[in-house]
Amino acid sequence: MSTFWGSGDTGQRLFDLDNRLLEVLDSLRDYISSDGSPRLLTRNSYSRPSFLWNREIMYTCMGTCSAVWLLWQFALKTGRIRLPLIPARYQTIRSKTRLREWLVTNFTLKTEDVWLGRLWTMITSSFSHIDLPHLAANMSTFSSFSRYLIFIGISPKQYATLILGSALTGSLAATFHYAWMEKRDGTRRSGLGLSAVCMGLITATAAVSPNGKVSFMGLGPVPMWMTALGYVLFDTYMIDSPTSSIGHAAHVGGAIFGATYSYMILRGNLPSRGILWI
């Protein structure tokens, strides 16, 4: 994901330094007294700009995914190589096996989690990755579409709701699909990854800026509505493929939440501005 174009005036850069500077100055104006000295900031007088909160939410999600990925790599490493700064007692085969079992229990999505009461896996599994390419692809997509929504003015509450709602809806769709497939062929399945959240961000962006353009690795530009529709149609077509190891049902669930939430809450409230270069 390399470039976005908004549906407005393509000559206006989204990263308009003058406008951004004015926003920062406005946020600082209340912190400075009339004689030019800084005021004492209290809990009630301090109000951070929304884009700062959003940026921290974005980096927190990405950092959590990276941290869980590192735990998986450590737990799956069965050789005799010892890592620095970690006590030897935590690097035994037994310790790594226990860590691996804990990750499987708490950071993967399974149908048994519902009747065992492990409902937190509906969220935690979304921040879990084992393969580096899977992590890198999701982080790139998540960052690109998050930055677009943040810089056109999504509020921290809306942004957090979009992330958690897409994760939960994607997990619910995947769980129902896993249960149906297990009943059909008796094979248990599990899932993980931030792809459902990424799909929620993609369809949310398409709902807010349907005529915006996106370029994939220099290919395009393609209208946002066409990009989102293409993803949804592909996942719907592949949802029951016996050869695919991708959680297509989770993708569709996340996409449905992103589109629905945007049409109900975001559409008409967020402006479509300029060009966002990623």
Would you mind writing out the side-chain donor-acceptor pairs for residues 120-127 within the sub-3.5 Å range, not counting sequence neighbours?
residue: Trp120; atom: NE1; partner: Asn106; partner atom: OD1; Å: 3.0
residue: Thr121; atom: OG1; partner: Asp113; partner atom: OD2; Å: 3.0
residue: Thr121; atom: OG1; partner: Arg118; partner atom: O; Å: 2.9
residue: Thr124; atom: OG1; partner: Asn106; partner atom: O; Å: 2.6
residue: Thr124; atom: OG1; partner: Trp120; partner atom: O; Å: 3.2
residue: Ser125; atom: OG; partner: Thr121; partner atom: O; Å: 2.6

Of all pairs that satisfy side-chain hydrogen bond (donor to acceptor under 3.5 Å, both in side chains), the ones with a partner from residues 247-260, not counting sequence neighbours
Asp235-His248, Asp235-His251, Ser244-His248
Are the side chain of Trp53 and the backbone N or O of Pro156 linked by a donor-acceptor pair below 3.5 Å?
no
Report yes if the side chains of Phe145 and Met224 come closer than 4.5 Å at any heavy-atom pair, otherwise no.
yes
Looking at every non-hydrogen atom in both residues, tell me the closest pair between Leu119 and Val114 and how far apart they are.
CD2-CA, 4.1 Å
I'd like to check Ile154 versus Asn54 (side-chain heavy atoms, cut-off strictly below 4.5 Å). Are they in contact?
yes
Is a donor on one side and an acceptor on the other found under 3.5 Å between the side chain of Lys110 and the backbone of Gly191?
no
Of all the heavy-atom pairs spanning Leu192 and Thr108, show the shortest one and how long it is.
CD2-CG2, 3.8 Å
Search all heavy atoms of Ala206 against all heavy atoms of Ala228 and return the closest pair with its distance.
CB-CB, 3.7 Å
Would you give the length of the straight line joining atom CG of Leu201 to atom CG of Leu149, rounded to the nearest 0.5 angstrom?
6.0 Å
Among residues two or more places apart or on two chains, list those pairs meeting salt bridge (charged side-chain N to carboxylate O under 4.0 Å, His left out) that have a residue in residues 121-137.
none
Partners passing ring pair (Phe, Tyr, Trp, His ring centres under 6.0 Å) against Phe142 (at least two apart in sequence or in another chain):
none
Would a hydrophobic clustering, with Ile, Leu, Val, Met, Phe, Trp and Tyr connected at side-chain separations under 4.5 Å, put Leu162 with Leu52?
yes
Ser143 side chain vs Met139 backbone, donor-acceptor pair below 3.5 Å:
no
Hey, do the aromatic rings of Phe107 and Trp102 have their centres closer than 6.0 Å?
yes
Measure the OG-OH distance between Ser66 and Tyr59 for me, rounded to the nearest 0.5 Å.
12.0 Å
Distance only, no hydrogens: is a donor on one side chain within 3.5 Å (strictly under) of an acceptor on the other, for Tyr148 and Ser209?
yes
Are Leu164 and Leu172 joined in one hydrophobic group, where the rule is that I, L, V, M, F, W and Y side chains link up if heavy atoms are under 4.5 Å apart?
yes
Among Ile, Leu, Val, Met, Phe, Trp and Tyr joined by side-chain contacts under 4.5 Å, find the other residues sharing a cluster with Phe234 and list them by chain and number.
Tyr237, Met238
Nearest-0.5 Å distance, CE of residue Met62 to CD1 of residue Ile57:
14.0 Å
Shared hydrophobic cluster for Ile239 and Phe257 (ILVMFWY, side-chain gaps under 4.5 Å):
no
Go through the structure and list residues passing side-chain hydrogen bond (donor to acceptor under 3.5 Å, both in side chains) with Ser128, not counting sequence neighbours.
Trp72
If you take all heavy atoms of Ser262 and Gly258, which pair is closest and at what distance?
OG-O, 2.9 Å
Quick check: do Met58 and Tyr159 have side-chain heavy atoms less than 4.5 Å from each other?
yes
Set of side-chain contact (heavy atoms from CB on, under 4.5 Å) partners for Ala250, sequence neighbours left out:
Ala174, Ala196
Within residues 162-184 or reaching into it, pairs that qualify as ring pair (Phe, Tyr, Trp, His ring centres under 6.0 Å) - sequence neighbours excluded:
none
Less than 4.5 Å apart, side chain to side chain, heavy atoms only: is that true for Cys65 and Asn138?
no
For the residue pair Ser195 and His134, establish whether any side-chain heavy-atom pair is separated by less than 4.5 Å.
yes
ILVMFWY clustering at 4.5 Å (side-chain atoms), partners of Trp115:
Leu116
Is there a chain of hydrophobic side chains (I, L, V, M, F, W, Y, each step under 4.5 Å between heavy atoms) that links Ile246 to Leu132?
no
Heavy-atom closest contact (Thr141 atom, Cys198 atom, distance):
CG2-CB, 3.9 Å
Tell me the salt bridge (charged side-chain N to carboxylate O under 4.0 Å, His left out) pairs involving residues 187-196, sequence neighbours left out?
Glu112-Arg188, Asp185-Arg189
Have Gln158 and Ser155 got a donor and an acceptor in their side chains that come within less than 3.5 Å?
yes
As an exercise, state the distance from OG1 of Thr203 to OH of Tyr231, rounded to the nearest 0.5 Å.
12.0 Å
Which residues pass the side-chain hydrogen bond (donor to acceptor under 3.5 Å, both in side chains) test with Ser190, sequence neighbours left out?
none
Of all heavy-atom pairs between Cys61 and Ile163, which one has the smallest distance, and what is that distance?
SG-CD1, 4.0 Å
Are the side chain of Thr64 and the backbone of Thr60 linked by a donor-acceptor contact shorter than 3.5 Å?
yes
Cluster companions of Val252 among Ile, Leu, Val, Met, Phe, Trp, Tyr (side-chain spacing under 4.5 Å)
Ile256
Flag side-chain contact, heavy atom, 4.5 Å: Thr97 against Glu101:
yes
From Leu233 CG over to Leu229 CG, what is the distance, rounded to the nearest 0.5 angstrom?
4.0 Å
